[in-house]
Amino acid sequence: MHALVERLTHNARITVLTGAGVSAASGVPTFRGGDGLWKNFRPEALATADAFGRDPRLVWEWYAWRRSLIAACEPNAAHQVLAEWSRRFPNFTLITQNVDGLHEKSGTATVLRLHGSIWEVRCWESCAASPGQWRDDRTEFEVLPPRCPHCGGIIRPGVVWFGEMLDPDVVDAASRAADCDIFMTVGTSAVVYPAAGFIDQARKHGAFTVEINPEATPATSTVDLALRGGAETILPEIAAKIGC
Ligand code: BJW
């Protein structure tokens with residue numbers, strides 16, 4: 001911990017990669033492990049375009065359930081510390097795999113969202129009349145799957161599913177941010193790529209790498225410092241030691 005604290009200076013280039021665990025204390029279920037299950041479906045079986053093409057109603061039921069659940073959640077102490085760091089440190093970058101919007105809700109200035117947002121949608125047929133992707137805050141739907149207001153076809157969640165490309169601009173920005181002094185991976189199982197690859201990239205750039213997670217992951221043996229515990233506990237402990 002001392003080795004981390006002494007590196008967290010005002011001008012340090014600090015990059016934090018977050019995953020579902022950062023929102024666990026807010027009540028958002030993680031993907032893997034027992035609480036990731038919904039009606040006995042594994043997330044990997046639902047978060048694909050193939051699954052959506054086969055049964056859009058089933059996949060939308062999962063997303064409608066998650067939207068209602070997330071809408072009732074508030075950012076926790078981990079989100080709040082990261083929001084504070086985004087204001088205090090001039091060279092701070094937050095990369096998240098989360099689609100819940102809780103980093104934004106806690107006031108983090110800029111968030112690189114690798115996997116999109118659960119609060120955005122787009123036309124499944126990519127109809128010419130629609131604006132590409134748009135915000136849709138509904139938690140209740142009259143019909144599932146919901147309809148595209150522009151062509152009457154079905155809409156899909158504005159998230160990145162397995163086998164889909166991530167936004168190349170976001171990936172480029174995240175890759176640049178992996179060239180940093182301190183790279184912290186927080187609340188992610190570190191199994192989904194390209195996100196998990198940024199930890200290796202940061203180490204190759206010479207960053208001091210840190211993992212915060214109550215459990216071991218494939219990244220644990222590769223980082224300089226593994227802090228075992230909940231993000232909502234460990235991040236405030238670090239913040240208290242550095243005074244912000
Ligand atoms: C706590 C805590 C507390 C609990 N505090 N912590 C290279 C190698 C191998 C495979 C690939 C590769 N490159 C690409 C692939 C394929 C694939 C992939 O990674 N597969 C692996 C699973 C093997 N990747 C893709 O398909 C990506 N696309 C892509 O690469 O495009 C190019 C391409 C296309 C085609 C072929 C090849 C390349 C897209 C990935 C999209 C992932 N999408 C999802 C769903 C998003 C939408 C939605 O939310 O519905 O993203 S899947 C799901 O996993 C979600 C998450 O963002 C992501 C990561 O999960 P995360 O956040 O780590 O959560 P969990 O649940 O896994 O872990 C939680 C952790 O928190 C645990 O460790 C707990 O211990 C911890 N925890 N409480 C701190 N209080």
Side-chain angles (χ1 to χ4, degrees), residues 16-38 41-52 58-67 69-70 73 75-82 94-103 111-122 133 156-168 170-172 174-175 184-201 210-220 223 226-238:
V16 178
L17 168 70
T18 64
V22 89
S23 295
S26 295
V28 182
T30 59
F31 288 90
R32 294 164 186 88
D35 67 348
L37 292 177
W38 173 79
F41 291 98
R42 287 167 48 250
E44 289 82 354
L46 297 168
T48 72
D50 280 352
F52 188 78
L58 174 75
V59 175
W60 259 112
E61 281 176 3
W62 183 49
Y63 280 94
W65 171 75
R66 289 172 60 201
R67 278 171 166 249
L69 194 149
I70 292 166
C73 293
N76 64 58
H79 297 107
Q80 280 151 8
V81 166
L82 296 173
L94 181 64
I95 309 168
T96 191
Q97 299 166 84
N98 298 348
V99 301
D100 57 29
L102 290 181
H103 284 304
V111 182
L112 295 177
R113 281 199 312 250
L114 292 172
H115 297 160
S117 169
I118 200 167
W119 302 112
E120 292 187 2
V121 294
R122 61 178 186 267
Q133 190 143 310
R156 59 159 284 176
V159 299
V160 181
W161 285 325
F162 284 114
E164 293 186 324
M165 302 300 290
L166 287 74
D167 180 331
V170 176
V171 175
D172 282 353
S175 283
M184 301 172 72
T185 169
V186 184
T188 174
S189 56
V191 294
V192 173
Y193 284 80
F198 294 129
I199 307 165
D200 283 339
Q201 279 189 35
V210 181
E211 177 182 70
I212 300 176
N213 198 310
E215 291 176 16
T217 76
T220 306
V223 294
L227 297 170
R228 195 65 75 236
E232 69 284 0
T233 308
I234 304 257
L235 282 170
E237 279 173 17
I238 298 168

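Order of appearance sets the numbers: ligands from 1, and atoms from 1 within every ligand. Count residues from 1 along the sequence. FYI, side chains are in, hydrogens and waters are out, and symmetry mates aren't considered; it's all heavy atoms of this structure.
Atom 51 (O) of ligand 1 has its closest protein heavy atom at H115 ND1, 3.1 Å. Nearest protein neighbour of atom 3 (C) of ligand 1, counting heavy atoms only, is G21 O, 3.2 Å. Nearest protein neighbour of atom 20 (N) of ligand 1, counting heavy atoms only, is F162 CE2, 4.0 Å. The protein heavy atom nearest to atom 5 (N) of ligand 1 is A231 N, 2.8 Å. The single protein non-hydrogen atom nearest to atom 40 (C) of ligand 1 is V192 CG1, 3.8 Å, given as residue, atom name and distance. The protein non-hydrogen atom at the shortest distance from atom 59 (C) of ligand 1 is Q97 OE1, 3.2 Å. In this structure, atom 21 (C) of ligand 1 lies nearest to the protein heavy atom V191 O, 3.4 Å. For atom 78 (N) of ligand 1, the nearest non-hydrogen atom of the protein is A24 CB, 3.7 Å.
Rounded to the nearest 0.5 Å, atoms OG1 (T233) and CD1 (I212) are 10.0 Å apart. Rounding to the nearest 0.5 Å places CD1 of I238 at 5.5 Å from CG of L227. If you take CD1 on I118 and CG on N98, they are separated by 11.0 Å, rounding to the nearest 0.5 Å. For the atom pair Q97 CD and L114 CG, the distance stands at 6.5 Å (nearest 0.5 Å). Annotation: the span from Q80 atom CD to L235 atom CG amounts to 11.5 Å, rounded to 0.5 Å. Put simply, CZ on R113 and CG on L94 are 11.0 Å apart, with the number rounded to the nearest 0.5 Å.
Contact between R66 and ligand 1 is present, with at least one heavy atom of the residue lying under 4.0 Å from the ligand. Residue contact annotation: P214 has a non-hydrogen atom under 4.0 Å from ligand 1. Using a 4.0 angstrom heavy-atom cutoff, G163 counts as in contact with ligand 1.
The pair E215-R32 fails the salt-bridge criterion, with no side-chain N (NZ, NE, NH1 or NH2) lying under 4.0 Å from an Asp/Glu carboxylate O.
There is no protein heavy atom less than 4.0 angstrom from atom 38 (C) of ligand 1. Distances from atom 46 (C) of ligand 1 to the protein include at least one heavy-atom value under 4.0 Å. There is a protein heavy atom closer than 4.0 angstrom to atom 25 (C) of ligand 1. Note that atom 12 (C) of ligand 1 has protein non-hydrogen atoms nearby, at separations under 4.0 angstrom.
For ligand 1, the atoms lying closer than 4.0 Å to a non-hydrogen atom of N213 are 72 (C), 73 (O), 74 (C), 75 (O), 76 (C). The ligand atoms of ligand 1 that sit less than 4.0 angstrom from a heavy atom of L166 are 27 (C), 28 (N), 29 (C), 39 (C). Annotation for ligand 1: atoms under 4.0 Å from non-hydrogen atoms of P194 are 30 (O). Counting the atoms of ligand 1 from 1 in the order shown, those under 4.0 Å from a heavy atom of W161 are 39 (C), 41 (C). Short contacts between ligand 1 and G19, defined as distances under 4.0 Å to a heavy atom of the residue, involve ligand atoms 62 (O). Of all the atoms in ligand 1, the ones that sit under 4.0 Å from a non-hydrogen atom of E232 are 3 (C), 5 (N), 80 (N). The Y63 neighbourhood of ligand 1 comprises atoms 47 (C), 48 (C), 50 (O), with distances under 4.0 Å to a heavy atom of that residue. Proximity to G230 (heavy-atom distance under 4.0 Å) selects the following atoms of ligand 1: 3 (C), 5 (N), 80 (N).
Contact check for H103 versus V22: side-chain heavy atoms found under the 4.5 Å cut-off. Between D100 and C73, every side-chain heavy-atom pair lies at or beyond the 4.5 Å cut-off. Side-chain contact between L17 and M184 is absent, with no heavy atoms from C-beta onward closer than 4.5 Å.
Here the shortest heavy-atom pairing between P236 and A231 reads CD-O, 3.5 Å. Scanning all heavy atoms of the two residues, the minimum distance from H79 to S26 falls at CE1-OG, 3.6 Å. Of all non-hydrogen atoms in N76 and S23, the two that sit nearest each other are ND2-CA, 4.0 Å.
At a heavy-atom distance under 4.0 Å, only side-chain atoms of V159, from C-beta outward, approach ligand 1. Residue contacts with ligand 1 for V99 involve side-chain atoms from C-beta outward but no N, CA, C or O (heavy atoms, distance under 4.0 Å).
In this pair, Y63 and W161 present their aromatic rings tilted. The plane angle is within the 30 to 60° band.
Taking all heavy atoms of M165, E44, E164 into account, the minimum distance to atom 29 (C) of ligand 1 is reached by E164. The option from L17, T188, L227 that lies nearest to atom 63 (O) of ligand 1, judged by heavy atoms, is T188. For atom 71 (O) of ligand 1, the nearest non-hydrogen atom from the set A25, P43, G187 belongs to G187.
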Inset, instruction - Might you work through the side-chain hydrogen bond (donor to acceptor under 3.5 Å, both in side chains) test for T96 and T18, ending with a clear yes or no? - result: CA-CA 5 Å; T96 191; T18 64; 2.7 Å; yes
Legend entry - Audit row: E211, T185, side-chain hydrogen bond (donor to acceptor under 3.5 Å, both in side chains) steps and yes/no: CA-CA 5 Å; E211 177 182 70; T185 169; 5.1 Å; no
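In this structure, R66 satisfies the cation-pi test against W62, with its NZ or CZ atom closer than 6.0 Å to the six-membered ring centre and inside 45 degrees of the ring normal.
Residue contacts with ligand 1: V22 is placed with no nitrogen or oxygen under 3.5 Å of a nitrogen or oxygen of the ligand (distance criterion only).
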